[in-house]
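Scroll down for the structure; my scribbles are underneath it.
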Number of protein chains: 4
Amino acid sequence: MGKSGEERRGSIGARRNPASADAILDAAKAELIEKGYAGFSIEGVARRARAGKPTIYRWWPTKSALLLDVYQRQKGGIDYGGSGSIEEDMFRFLRSLMGHWRKTSSGSIFRSLVAEAQSNPEAAAALADYAAFRRGHSGQMVRDAQARGEVPADVDPEIVADLLSSYAWSHLLTDRLDEDDATIRRAVHAIARGILTKPAAG
Amino acid sequence: MGKSGEERRGSIGARRNPASADAILDAAKAELIEKGYAGFSIEGVARRARAGKPTIYRWWPTKSALLLDVYQRQKGGIDYGGSGSIEEDMFRFLRSLMGHWRKTSSGSIFRSLVAEAQSNPEAAAALADYAAFRRGHSGQMVRDAQARGEVPADVDPEIVADLLSSYAWSHLLTDRLDEDDATIRRAVHAIARGILTKPAAG
Amino acid sequence: MGKSGEERRGSIGARRNPASADAILDAAKAELIEKGYAGFSIEGVARRARAGKPTIYRWWPTKSALLLDVYQRQKGGIDYGGSGSIEEDMFRFLRSLMGHWRKTSSGSIFRSLVAEAQSNPEAAAALADYAAFRRGHSGQMVRDAQARGEVPADVDPEIVADLLSSYAWSHLLTDRLDEDDATIRRAVHAIARGILTKPAAG
Amino acid sequence: MGKSGEERRGSIGARRNPASADAILDAAKAELIEKGYAGFSIEGVARRARAGKPTIYRWWPTKSALLLDVYQRQKGGIDYGGSGSIEEDMFRFLRSLMGHWRKTSSGSIFRSLVAEAQSNPEAAAALADYAAFRRGHSGQMVRDAQARGEVPADVDPEIVADLLSSYAWSHLLTDRLDEDDATIRRAVHAIARGILTKPAAG
DNA sequence: ACCTAAGCGAGACGGTACGTCTCGTCTTGCG
DNA sequence: CGCAAGACGAGACGTACCGTCTCGCTTAGGT
C-alpha cells in the first residue's frame, strides 16, 4: 500500500503526479476500512495522504468518484466461467463475486458506494453506469451459451445478468455474503431450469 | 399530515407529548421526501416540526431509529397474487412492489434505510430482520403453487422470494423502478421457466 | 487576560455565554499582538479560545466587527483636557492618544482595523462611524473653549477635531508615534493660533 | 491598458521580457481598480496577464513590491500653487491631491499600499520614505511664503506639510475624498490663520 | 393548595467536515 | 535561461449539522 515515503511529495510540473494519486487512493481505502463509510471524509483522506484538499477535488470532483476509483483499483478477477455449462458458469460467477467481496475489503467499499448513491445523484449515476457496464460484461456468459446453442436466442442476456447481480447485491447489503454453495447452486438452478413442474414428457 | 397548528405545542406534564411525536415523524417523512436522505438532518426535522432538538434525541437516540419509525408508519399493502399461476403471481408481486415504491414516498424512505444500514449496525440488523420477514411472507406465493402442484416440492420458496426481492431492491437502489411490464415479465419468465433451450420433445 | 480555565466552557442555555465572548476577545487580542494583522485569522482565534468557529460568527459577523470590539475593550482613558486653555488641551489630547497607542497594544490593533477597512466595506463603514463619533467627542474641547470665549463661534469644532485626529492617524500609520513633545506642541500651536479670538486691538 | 494581444507571449531568451512585465503591471493595476485591495491576488494578476505565477514571483518577491511598482507608474502632477497666497496654495494643494486620488485610480492604489504597510514592514518602510519625501516636497509652499515674508521663519514647513497630508490621508482612508471646497477651505483657514505673520496693529 | 418532577421550545456551545480560494513552491516543455 | 502552464501541500474562508448543555415555561400527580 505504498512505501509511505517520508519526504515531501510536491508538484512534478504542469501535470498530474501519480504518486499523489496513489497516496490519496491508498489513504481513502485505509480510511474506509478503518472507519467505515460513516467516518469517511475527504478531510481525513487528505490528512492521511498528506495531500491538500484541492488536490483531491481537482481529480475526484465528488466523494463518489473517489469511492468508485478506490473500488475499481481493488477489483480482482471475477470468474466468468468457461466451464462449458451456463449453470456452472453462473454458479462460479456468483460464488467468486461474493467470495471476493467477503474476503477482500472491496465488499465494504462497494457497500459505501451503494450507500453514497442513495443520497448523491452523481454517485447514483456513476453507480448506475457501473452496474450497467457490469451487467453487459457478465451477460457474456449468456451470449457464449447462446453461441453454443445452450440458451435460445430470445433470452435477454442483460436480464439474466440483472438477476444474478441483484442476488449478489442484496446479499452484500444485508450481510449475507456467507451463503453456502448449495444455496447459491439452488438459486442459479432456478434461473437455469426454472421452477415449474416439468411436463410429463419433458 | 397534521393540522400544522400555529400555536405553541409545549409540555403536557411529566410524560411524552404525542402531538410532538407525531409532528416530528410527519416532519421527518416530509423532509425525507423533499430533500432525500442526503438532505435529511435532525436539525431540519426539528425546525420543520417546531420541536427542540433534545426532544428528538430524547425519544429517538439515533437517526436510524427515527428512520425506522417513519418507515414503519408507512407500510402499504403489496399484491400477492392469487391468479392461479405462479408466473402471473410473481409478475404482479414485482410490479406492485416496484409501483408502490415508485408512486408513494416509501421507496425513497426505504432507500434511506438501506443507506443508513450500510454504516450503522443497528440499522443493518433491523433491515436484515425486516428483509427476512418479507421473504418469508412473499414465499407464500411459491408454497401456494406447490400446493397446486404447479411447482415441485424440492424448490425452496425462500430462494425464489430472495431472487424476486433482490431484483426489486437492485432496481430501487439504481433508480430503475420504472422498468416496463415486458421486461419484468421476462425476468419472471426466466425464473419460472428457466433459460435453457428446451429439449426437442419437451 | 482570563484565568485560562481548563474545564470545558459549554452552553449556559439559550443565551450568550459571556465567558465565551471574553475568551474569544482575549484570544483575538493575543493573536493580533503575536502575529500581527497579516497572521490574524478567525480560525486561529477559535483555536486559541477553544471555541467553535460558528460561535465567533454568531456574534461577530465579520472580521472587522471582532477587531473593533477588541479595540474598544482596550480603549483607555484619553485625556480631553480641562486645562482652561484650548492649546494645552489639544496638546494633551494628542500626546495622550499617541502615547496610549504606542505604549499599549491598542495602536497595533487600530492599525489592523484601518488596514481591514481599506479592503472590507463593512469595516470601512464601522471605522468611519467610529471616527465620526470620536471627532464629535473630541470636538468637545473646542466647544468648551467657545463657551469660555477663547474660540469664536464660527469655528467648526469637527474640523479642528479632524485635523487633530488626522495628525495622530498618519503618525500611527507611518510609525511615527514617538514624536517628541516639542514637535507636537508646534503642530498644535499652528492650529491654535488660527482659531483664537483676536484681541480687540491685536 | 495594453493591447492585450491574444497570442502567446513566450520567452525572448535568457533575459527579462518587458512585454510580460508591462502586462503584469497593467493587470495588477486593473485588478486593484476593479476588485480593490481585498480582491487583489497574485493568482488573479497572473490570470489576467496570462502570465505564470513564477514569472511574477521572480521579479516582484512580495505583494508590496508589486503594489509599489504599480503606484510609482501612476504618479500624477499635483498642483503646488504659486497663487501668491499661502492659504490659497494650501487649499489648491489639498483639493488637487484629493481630487487626483478620487478621480484617477491612484487613490485606491494608495489605500492598498497603506493597508499593506500595516502588516508588512518592507511596505511600511517604503511608505514612510515616500511620505517623508512628499512632506519635504510640499513644504516648499511654506518656504516660498516665508521667502515672501507671508509666514515667519520660525514656522517649520515640515509640520505644516504634515498637517496637510495627514488631513488628506485620513480622508482617503475613511472614504471622505468628496469633501466640499468650503470644508477644505475652513480646514486650511484654521492652519493658515495660525501661521500668518500678525500685523503689528492687527 | 403547594411542590416536585419531567417534558417541552429554544437556542448557544465546542466540534468537525464541507467545498472553494489563494498562497508560494516546484517542475515541466517550448522558444 | 526565461517563459506560460499548472499541479502541489498548506491552510483559511464562511456554512451546515452534529450531539450536548442549560434555560424558563407548562402541566400533572403526589402530598
Side-chain angles (χ1 to χ4, degrees), chain A residues 8-17 19-21 23 39-44 46-47 49-59 61-63, chain B residues 8-17 19-20 39-44 46-47 49-59 61-63, chain C residues 8-17 19-21 23 39-44 46-47 49-59 61-63, chain D residues 8-17 19-20 39-44 46-47 49-59 61-63:
Chain A
R8 185 184 169 88
R9 183 188 61 242
S11 168
I12 55 166
R15 66 192 204 284
R16 185 172 192 174
N17 183 346
S20 285
F40 180 80
S41 72
I42 300 283
E43 197 101 17
R47 215 149 39 214
R50 301 194 60 72
K53 278 198 287 176
T55 301
I56 300 183
Y57 282 106
R58 184 155 28 237
W59 302 112
T62 64
K63 184 149 52 169
Chain B
R8 184 188 170 89
R9 182 188 62 245
S11 169
I12 57 167
R15 64 193 209 282
R16 184 173 191 173
N17 183 344
S20 283
F40 181 80
S41 70
I42 300 285
E43 197 101 15
R47 212 151 38 217
R50 303 193 60 70
K53 279 199 288 174
T55 302
I56 300 183
Y57 282 106
R58 187 157 22 239
W59 304 111
T62 65
K63 183 146 62 166
Chain C
R8 186 185 169 88
R9 183 188 61 240
S11 168
I12 56 168
R15 66 195 205 283
R16 185 172 193 175
N17 184 344
S20 285
F40 180 81
S41 72
I42 298 283
E43 197 101 17
R47 215 150 36 218
R50 304 194 57 73
K53 275 198 287 174
T55 301
I56 300 183
Y57 283 107
R58 185 153 30 235
W59 302 113
T62 63
K63 184 148 53 170
Chain D
R8 184 187 169 93
R9 182 187 62 244
S11 169
I12 56 170
R15 63 190 207 285
R16 182 172 191 172
N17 182 344
S20 283
F40 180 80
S41 70
I42 300 285
E43 197 100 18
R47 213 152 37 219
R50 302 193 58 72
K53 279 198 290 173
T55 303
I56 300 183
Y57 282 107
R58 189 160 18 244
W59 303 112
T62 65
K63 183 145 63 166

In terms of the nearest nucleotide of DNA chain E, which residue is placed more toward the 5' end: C:Asn17 or A:Gly39? C:Asn17

Which residue lies toward the 5' end of DNA chain E, B:Gly52 or C:Arg16, if each is placed at its nearest nucleotide? B:Gly52

All N/O pairs under 3.5 Å across the protein-nucleotides 27-31 of chain F interface:
none

Phosphate OP1/OP2 of [N]: any [X] side-chain N/O under 4.0 Å:
X       : N      : answer
A:Arg9  : F:dG9  : yes
C:Trp59 : E:dC13 : yes
C:Thr55 : E:dA12 : no

Heavy-atom closest contact ([X] atom, [Y] atom, distance):
X       : Y       : answer
A:Ser11 : A:Gly13 : OG-N, 3.0 Å
A:Arg9  : A:Ala49 : NH2-O, 2.9 Å
B:Ala46 : B:Gly52 : CB-C, 4.5 Å
A:Arg15 : A:Ile12 : NH1-O, 2.6 Å

Need one value for A:Ala46: base, sugar-phosphate or nothing, where a base atom within 4.0 Å counts as base even if backbone is also close, heavy atoms only. nothing

d(D:Thr55 OG1, D:Arg50 CZ) to nearest 0.5 Å is 13.0 Å

For A:Lys63, the salt bridge (charged side-chain N to carboxylate O under 4.0 Å, His left out) test, sequence neighbours excluded, returns none

Kindly give the atom pairs (protein nitrogen or oxygen, nucleotide nitrogen or oxygen) under 3.5 Å for nucleotides 12-16 of chain F.
{"from": "F:dA12", "atom 1": "OP2", "to": "C:Arg47", "atom 2": "NH1", "distance (Å)": "3.4"}
{"from": "F:dC13", "atom 1": "OP1", "to": "C:Ile42", "atom 2": "N", "distance (Å)": "3.0"}
{"from": "F:dC13", "atom 1": "OP2", "to": "C:Ile42", "atom 2": "N", "distance (Å)": "3.2"}
{"from": "F:dC13", "atom 1": "OP2", "to": "C:Glu43", "atom 2": "N", "distance (Å)": "2.7"}
{"from": "F:dG14", "atom 1": "OP2", "to": "C:Tyr57", "atom 2": "OH", "distance (Å)": "2.3"}
{"from": "F:dG14", "atom 1": "O5'", "to": "C:Tyr57", "atom 2": "OH", "distance (Å)": "3.3"}
{"from": "F:dG14", "atom 1": "N7", "to": "C:Lys53", "atom 2": "NZ", "distance (Å)": "3.0"}
{"from": "F:dG14", "atom 1": "O6", "to": "C:Lys53", "atom 2": "NZ", "distance (Å)": "2.6"}

